[in-house]
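Below, chain A is the first sequence line, B the second, and so on; all start at residue 1.
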2 protein chains.
Amino acid sequence: MDQSPPRNTSVTVADVAHKAGVSKATAARVLGGYGTVSDRVREAVTAAARALDYRPNELARSMTTGRSGTIGVVVGDIENPFFSLAVRGITDVARQAGFTVILINSGEDVPAEKAAIRTLLAKRVDGLIVSPAKESDVEHLREAIRSGLPLALLDRGSDTLDVDTVIADDRHAAEGVTRRLIALGHRRIAYLTACDTPDHRFRTAADINTGSVRRRIEGFLGVCREANLDGMEDWVHVGAVTPEHTHRMAAAMLRTPQRPTAIIASDSLIGLEVFKVCRELDLGIPGDLSLVSFHDADWTSVTTPPVTVVRQPVYGLGETAAKLLVERLNGKAGAANRIVLRTEVVDRASIADARV
Amino acid sequence: MDQSPPRNTSVTVADVAHKAGVSKATAARVLGGYGTVSDRVREAVTAAARALDYRPNELARSMTTGRSGTIGVVVGDIENPFFSLAVRGITDVARQAGFTVILINSGEDVPAEKAAIRTLLAKRVDGLIVSPAKESDVEHLREAIRSGLPLALLDRGSDTLDVDTVIADDRHAAEGVTRRLIALGHRRIAYLTACDTPDHRFRTAADINTGSVRRRIEGFLGVCREANLDGMEDWVHVGAVTPEHTHRMAAAMLRTPQRPTAIIASDSLIGLEVFKVCRELDLGIPGDLSLVSFHDADWTSVTTPPVTVVRQPVYGLGETAAKLLVERLNGKAGAANRIVLRTEVVDRASIADARV
DNA sequence: AAAGCCAAAGAGACCGGTCTCTTTTCATTT
DNA sequence: AAATGAAAAGAGACCGGTCTCTTTGGCTTT
């Protein structure tokens, strides 16, 4: 009597139709919410569906409609607060618009990214949001576009790819920060980033494949040149890919006699590690070292001293990318949008005059 | 000549078969990697597929095989470092096992969670990992199980649900922390959590629907009773759902004459906010207030003083849940596993003797 | 009352794969 | 050389929806 329905094999429209005493086509009209049906039949079918505990099969639906109702998202690492916040922005917009999100981490590795795109293509996602690991290596993205799949780029653009792109004004932010440090008398300013080059050494900004970071370094070097500081390329350090790497690099750098008087950290994970190293080496911030970090992570306001940061609209980055993509999915045509969101320097207490 | 293939409409096995001059069934055997085919035919089909830039349609494949190769993950909020790390654990294992992940945020809201499950069921995910918003309201999960879908619970269990569950030994951790505070002479110990009750007031642990948090509060209250501290229920504060809420609650609490001498923060977001409030109110840690937080967030080691925390194996939580699920998907039968991962108190410098 | 029209319902193809069942091919056996 | 049997290839149904095309039935029109 009170038994649970023994339905293990799934209930289909045909089953519902049979139970309601109508044709499959009619039941489908009611359940799919399309076409025209009389009220009496509608009720009968609805009742039958409820009685049978009918659940639509989105896969089958996607099969014929050609729309899967999903968007694929490929980011470097969801564990990084930057990406988790951006993804939050994406999922919020996607859900609102009736899409679900398939998430894949690339680990900033191009082959992994390619595999991810392939998988998402096979799953027939309706659109793609990607934060490309390397801007120089986007053939797989070009292919996706060619096959007609709407794509939006997140945080990292590509000059050769004509697609919707949402980035922050990284160059401008880096310029502002650098200018300020120079004005405070700093001459030995190090820039520390997770991006890597094949030989782990930096020569020119063109070697940096991550667009956002390349623009920052370009801004940094540009302002240095304006100020007649030469050879600042030597102060750019690449390959701070893990906290351990960062730790070693920062420690090595800060132990030399000609150590930097200021460090610009390219993300909050690096900023945090530099902070830790200063503790260990008993270097005062900002007395012995000025520190500026990209990404206004929550902890930066609570350290002693609090850290001056570049606040990026991270949630907005994801939100905007998703909005652009949804518009495309709803049929909007037109040229690719390239949106640059403003950043803001949050002045706290980790920078000061350079001791001359 | 060098023109890009004008393939906008998708290439199917039938197209490949035709081009290779074989039957659809044979082409499918090659492309699907099943059945038995001669080497010559295999090569012909492979060549044709490459020439046509054939991409398999996973949807169609799922249709017949009944497996979609995806697992659905429902968590409270991907923006929370706790979940983003757990999700990282899940996605790593899933990818390894050949599954992709569909991620949905519930916002700790039961209706949203129900909708998420419905969506995932419709998308025919092969399995489900859920961090239920309320343990008391799991009818939708029970239904999913009844329909034969493997499910694993993350961080929060349910006594009434007989499924694979991975949690941390929250009760034990809370007991240890509470015992230590009491030994240091603390009597006014507040527990602060984001979990809420309908009227935002706490009466008994049974009102708390989030299992992990309920177990912690039970541990906290239990040790207090052992120590003959009565009425400690009044020191449990619920509803710290946003940083702003938390801020107000902590400030109000710490401004009273009978303010707590110690606070246990139920997650790192709350711990951070309490820390900020102490700054504002010029209360010294640990001089005026001892602070312990759950979740060993990265910043906790870098504050002044560094914060004593309960380290949970967050990545491992996700990893283990995903492993259990994958085993089920590979056909493993048997009783539900209930795995309890160990936590560890990381002693830093935010707790001290209570000033009597 | 016959013609005309439109809403409502039914029949069946189709999406792109998989898979069972049948037929063909070809090497081996006696 | 005819019989045997396994491997290779083909034919076509099927998964669960959507959607086009056709048929049915009730109501208006003159």
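Listed pair B:Thr26 / D:dA9 fails the phosphate criterion, with no side-chain N or O lying under 4.0 Å from OP1 or OP2. Residue B:Ser10 places at least one side-chain N or O closer than 4.0 Å to OP1 or OP2 of C:dG16. For the OP1/OP2 pair of D:dG16 and a distance below 4.0 Å, the side-chain nitrogens and oxygens of A:Thr12 include no atom meeting the criterion.
One atom, NZ of A:Lys123, and another, C1' of C:dG17, lie 14 Å apart when rounded to the nearest Å. Atom CZ in B:Arg124 sits about 11 Å away from atom C1' in D:dC15, given to the nearest Å. A straight line from CE of A:Met63 to P of C:dG16 spans 6 Å, rounded to a whole angstrom. In this structure, the CD atom of B:Glu58 is 10 Å from the C1' atom of C:dG17, given to the nearest Å. Between A:Lys24 atom NZ and C:dC14 atom P the separation is 13 Å, expressed in whole Å. In this entry the distance linking CG of B:Leu52 with C1' of C:dG16 reads 15 Å, nearest Å. B:Arg61 has its CZ atom 10 Å from the P atom of C:dC19, to the nearest Å.
The number of heavy atoms from other shown groups lying within 6.0 Å of NE2 (A:His140) is above 12. With a 6.0 Å radius and a threshold of 12 heavy atoms from other residues, nucleotides or ligands, B:Lys123 has its NZ atom above the threshold.
Considering CZ of A:Arg156 and CG of A:Asn209, their distance stands at 10.5 Å, rounded to 0.5 Å. With rounding to the nearest 0.5 Å, the separation of CG in B:Leu120 from CD1 in B:Ile129 is 11.5 Å. Between the NZ atom of A:Lys134 and the CD atom of A:Glu108 there is a distance of 8.5 Å, given to the nearest 0.5 Å. With rounding to the nearest 0.5 Å, the separation of CG in A:Asn105 from CZ in B:Arg88 is 4.5 Å.
The nucleotide whose nearest atom lies closest to any side-chain atom of B:Tyr54 is, among C:dG17, D:dG17, D:dG10, C:dG17. The side chain of B:Ser23 sits closest to D:dA11 out of D:dG17, C:dG12, D:dA11.
Side-chain contact between A:Asp15 and A:His18: absent, with no pair of heavy atoms (C-beta onward) separated by less than 4.5 Å.
Side-chain atoms of A:Asp155 and A:Ser131 form no donor-acceptor pair, as typed in the model, at a separation below 3.5 Å. One side chain, B:Thr160 or B:Ser158, offers a donor N or O that lies under 3.5 Å from an acceptor on the other.
Residue order along DNA chain D, read from the 5' end via each residue's closest nucleotide, puts B:Ala27 first among B:Ala60 and B:Ala27.
A heavy atom lying under 4.0 Å from DNA chain C marks the following residues of residues 30-41 of chain A, by number: A:Thr36, A:Val37, A:Ser38, A:Val41.
The rotation axes computed at either terminus of the helix from C:dA1-D:dT30 to C:dT30-D:dA1 lie 50° apart, taking five pairs at each end and rounding to 10 degrees.
In this structure a side-chain-to-backbone donor-acceptor pair under 3.5 Å is missing from A:Glu113 to A:Ser106. Between the side chain of B:Ser62 and the main chain of B:Arg67, a donor-acceptor pair closer than 3.5 Å is present. Judged purely by atom type and a 3.5 angstrom limit, B:Asp126 uses its side chain to pair as donor or acceptor with the backbone of B:Ser68.
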> Using a cut-off of 4.0 Å between protein heavy atoms and nucleotide atoms, how would you tag nucleotides 21-26 of chain D 5' to 3' with B, S and -?
Replying inline: ------
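Within 4.0 Å (heavy atoms only), B:Arg55 reaches sugar-phosphate atoms of the nucleic acid but no base atom.
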